[in-house]
Amino acid sequence: MLESKFKTDQRKAFEKLGWKFITLDPGGGVPTGFPDTLILSPNGYVCYTEWKQSRSAKKQPLQPYWHKWLNDRGHDAFFVYPENVNDWRMKILKKAANWTRGV
């Protein structure tokens, strides 16, 4: 499956639930290797997602760095591909359901 079709299918399903997907293109302040999508839930939960065509798809040199940097600081960053999409969906839906804003 093409990465763009895979991402579009997920975006459409989540947008029906009120979520927003924002594409982050390198340049203009977005660092090279940073996850390509910012995902916003209706209640304020946020995660970053890098879409891959398959589990074995090559990662760009700085992608693992940014993934680790974000996760180490309490953000949620994911590599998502067809082989793990169901686990990813369940995880972020659960995190969003349990998420509360800090006061």
Side-chain angles (χ1 to χ4, degrees):
M1 176 183 299
L2 291 176
E3 181 181 320
S4 60
K5 168 126 175 56
F6 171 57
K7 178 181 175 180
T8 298
D9 290 347
Q10 297 307 311
R11 179 184 53 78
K12 286 179 180 178
F14 273 90
E15 285 183 349
K16 286 180 182 177
L17 301 173
W19 294 58
K20 294 293 182 192
F21 280 34
I22 299 171
T23 300
L24 304 172
D25 293 320
V30 178
T32 301
F34 201 79
D36 60 14
T37 308
L38 170 64
I39 301 176
L40 308 170
S41 76
N43 70 340
Y45 171 75
V46 174
C47 69
Y48 299 89
T49 301
E50 179 65 39
W51 304 92
K52 294 295 180 187
Q53 187 173 1
S54 71
R55 182 183 302 270
S56 61
K58 184 180 181 207
K59 293 180 175 101
Q60 297 303 314
L62 290 174
Q63 287 176 336
Y65 165 81
W66 281 112
H67 185 269
K68 182 177 181 336
W69 190 94
L70 287 163
N71 284 320
D72 286 352
R73 286 156 180 82
H75 304 282
D76 287 334
F78 303 94
F79 286 105
V80 179
Y81 30 83
E83 298 93 334
N84 76 342
V85 70
N86 290 331
D87 290 339
W88 168 79
R89 285 177 62 89
M90 289 173 49
K91 184 178 283 186
I92 69 168
L93 288 168
K94 182 177 181 180
K95 284 180 170 260
N98 294 326
W99 189 85
T100 58
R101 292 182 205 272
V103 179

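For the single chain, residues carry numbers from 1 onward in sequence order.
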Could you check if a side-chain atom of [X] sits within less than 4.5 angstrom of a side-chain atom of [Y], using non-hydrogen atoms only?
| X | Y | result |
| --- | --- | --- |
| Lys7 | Thr23 | yes |
| Trp19 | Leu40 | no |
| Val80 | Phe6 | yes |
| Pro35 | Leu70 | yes |
| His67 | Tyr48 | no |
| Leu38 | Val46 | yes |
| Leu93 | Leu17 | yes |
| Phe14 | Ile39 | no |

Got a second to check how far [X]'s [atom1] is from [Y]'s [atom2], nearest 0.5 Å?
| X | Y | atom1 | atom2 | result |
| --- | --- | --- | --- | --- |
| Glu83 | Arg55 | CD | CZ | 5.5 Å |
| Asn98 | Tyr45 | CG | OH | 10.5 Å |
| Trp51 | Asp36 | CH2 | CG | 8.5 Å |
| Arg73 | Trp69 | CZ | CH2 | 5.0 Å |
| Thr37 | Ile22 | OG1 | CD1 | 10.0 Å |

Between [X] and [Y] (side chain of the first, backbone of the second, donor and acceptor by atom type, cut-off under 3.5 Å), is there such a pair?
| X | Y | answer |
| --- | --- | --- |
| Asn84 | Phe79 | yes |
| Asn43 | Ala96 | yes |
| Trp88 | Tyr81 | no |

Testing the basics here: between [X] and [Y], what is the closest heavy-atom pair and its distance to 0.1 Å?
| X | Y | result |
| --- | --- | --- |
| Phe78 | Ile92 | CE1-CG2, 3.6 Å |
| Gln60 | Lys52 | N-NZ, 4.3 Å |
| Asp72 | Lys68 | OD2-NZ, 2.5 Å |
| Pro64 | Pro61 | CD-O, 3.7 Å |

